[in-house]
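See below for the structure under consideration.
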There are 2 protein chains.
Amino acid sequence: MKQLWLFNQINSDLQRVEKELHLFIETDFPVLEESAVHLLDAGGKRLRPAFALLAGKFYGYPFERLLPVAMALELIHMATLVHDDVVDASETRRGRPTVKAKWGNVVSIATGDYLLARSLELLAEIDDPEVSRILAEVSVEMSKGEIQQIKASFDVNQNLKQYYYRINRKTALLIEASCKLGAIVSDAPKRQIWALGRYGHDIGMAFQIVDDLLDVTAEAKQLGKPVGGDLQQGIMTLPMILAIERSPQKERLVYLLGKEDKSDQDIAEAIQMIKSSGAIEESLRYVDLYINKAKTYLLELPNVPTRKALADLAQFIRDRRF
Amino acid sequence: MKQLWLFNQINSDLQRVEKELHLFIETDFPVLEESAVHLLDAGGKRLRPAFALLAGKFYGYPFERLLPVAMALELIHMATLVHDDVVDASETRRGRPTVKAKWGNVVSIATGDYLLARSLELLAEIDDPEVSRILAEVSVEMSKGEIQQIKASFDVNQNLKQYYYRINRKTALLIEASCKLGAIVSDAPKRQIWALGRYGHDIGMAFQIVDDLLDVTAEAKQLGKPVGGDLQQGIMTLPMILAIERSPQKERLVYLLGKEDKSDQDIAEAIQMIKSSGAIEESLRYVDLYINKAKTYLLELPNVPTRKALADLAQFIRDRRF
């Protein structure tokens, strides 16, 4: 697990979440055990558990109630990752081969189903209809996001609305749910549950845009997956959509982005055109809008150190390089 | 939907389940809507909803409580079918192309995820921790069954224990849950919930063995999928396991069953060897054991017409030809 200094307040508890997840996904099933543990060990920032715990910090922090919620959130996230890697035919994630690359599509499907089913078990244990309802709705929308990603791949005529639809379902809704659920199981006031949800939503949108930017601007080693992966897979992201609008060589860029089998040279050329179009800077302005909006929702919350941590986290998400 | 005369008692209510399922899976998402409706329209006997309703018949039949449970059961079943068709690379089911064949693997994954997520919504609405817990546990076990099916494909050294492990997870557990849940939401006495569960389990085991037999003995037209599909996909079933034990040409049969790319002639030869080994008759004796055991559990239940219907259903499952 990648430890973020931003999570200082909750780091030992995040480690507990990690440990419990490890114990929880253990099974007598060799392949399933290996693939699920492989996925868990690949790390990640455990953002969703972290957001749930941080939200709880405002309201007495009932850790034993937050723990299963944090675990369920990460399990759902992991389940979608492993299915997404099949949908996107991704070979590496976080610097390691994906479950799909290592065990193939069918194990990936079964592993995702297993993780989702285990999260169901946690939800039954948590036994709170609102928690179940929120996570069910998010899961439904996430599956629509999956389909949208399939439908929209290599479609160079996408507009911003379609892009937002997709990243909302891919990322923002579950981070929104993480913040809300942490508050809900901690018996937060309604208005503050709402504000934390809005904060999470906007942070989630910003997070995904930055992710999409890093795919164009980062170094592969830092990113843990090949740069230009979205380009290769035909996933149209914000910098691409903006670059098409702005590029003086629009036709060439459209041709490159719509090409199904891109050479390394195609990708390098497309990246160069995106960079020189000013689309990176414009995308970052969209990120800033979300980050700033997210921060205003924090003003609805009690002025405790966690509020500052959430504001710093927003800033970190804007400036992150991995 | 294939109407069974056995469901006379509940036929109009099964049609209501069908109608509600149709309304429920509607979505603004074209591909998802088409694939989910395609799957639903492909029919099937709606055994799981039927068992839930029939179980409820013993105890005042609270239809409005049974309805969402029946729907959730069928959604979970559909979700596993659509993922299984990817795992098994099946091209047809119930006489129609599978979602996998028509839209490919990635749409199948997303469709399964969508259907499962929708069942979660129903569970949140039902808001009964025992219902959620049972379905979560069954889902976990079913995902293990998926993996087992992958691991065991083309493995000619399988024993009966492994076969039972697999068909329990593939079929019996969800039918067991259907019977139990129908009783649970109808506030049945504990002992009778148990008896209905055992009945469902044994019926489910028998059902799957018959399914596996039909793959060897049926006509393609009646079956709605190619005969010998299991042979082609390397799924080792009871008649195959027994035939290997009994066949005078054991080595040849082992060779044929383990062969990954079987010609039509290979399949015809293998089927002939299985039939002449006596494995079909022996498999039917196993079916009879389960059917008879299932019937004895019925003696624990009130002597109302539904009890006779469940006994007839057991007999039908033994004798079915499709």
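Bear in mind the structure is a predicted one, so any value in this text is a computation, not a measurement.
Identified by a heavy-atom distance below 4.5 Å to chain A, the contributing residues of residues 151-174 of chain B are B:K151, B:Y165, in residue-number order. Within residues 113-133 of chain B, the residues having any heavy atom under 4.5 Å from a heavy atom of chain A are, by residue number, B:D113, B:Y114, B:L116, B:A117, B:R118, B:L120, B:E121, B:A124, B:D127, B:P129, B:S132, B:R133.
Most heavy-atom pairs under 4.5 Å with chain B, from the set A:S139, A:S143, A:S108: that is A:S143. Of all the listed residues (A:A136, A:G145, A:A79), the one sharing the greatest number of non-hydrogen pairs under 4.5 Å with chain B is A:A136.
Distance check: A:I109 CD1 to B:T80 OG1 gives 12.5 Å after rounding to the nearest 0.5 Å.
Neither the backbone nor the side chain of B:E141 comes within less than 4.5 Å of any heavy atom in chain A.
The shortest heavy-atom contact between B:I150 and A:V107 is CD1-N, 4.0 Å.
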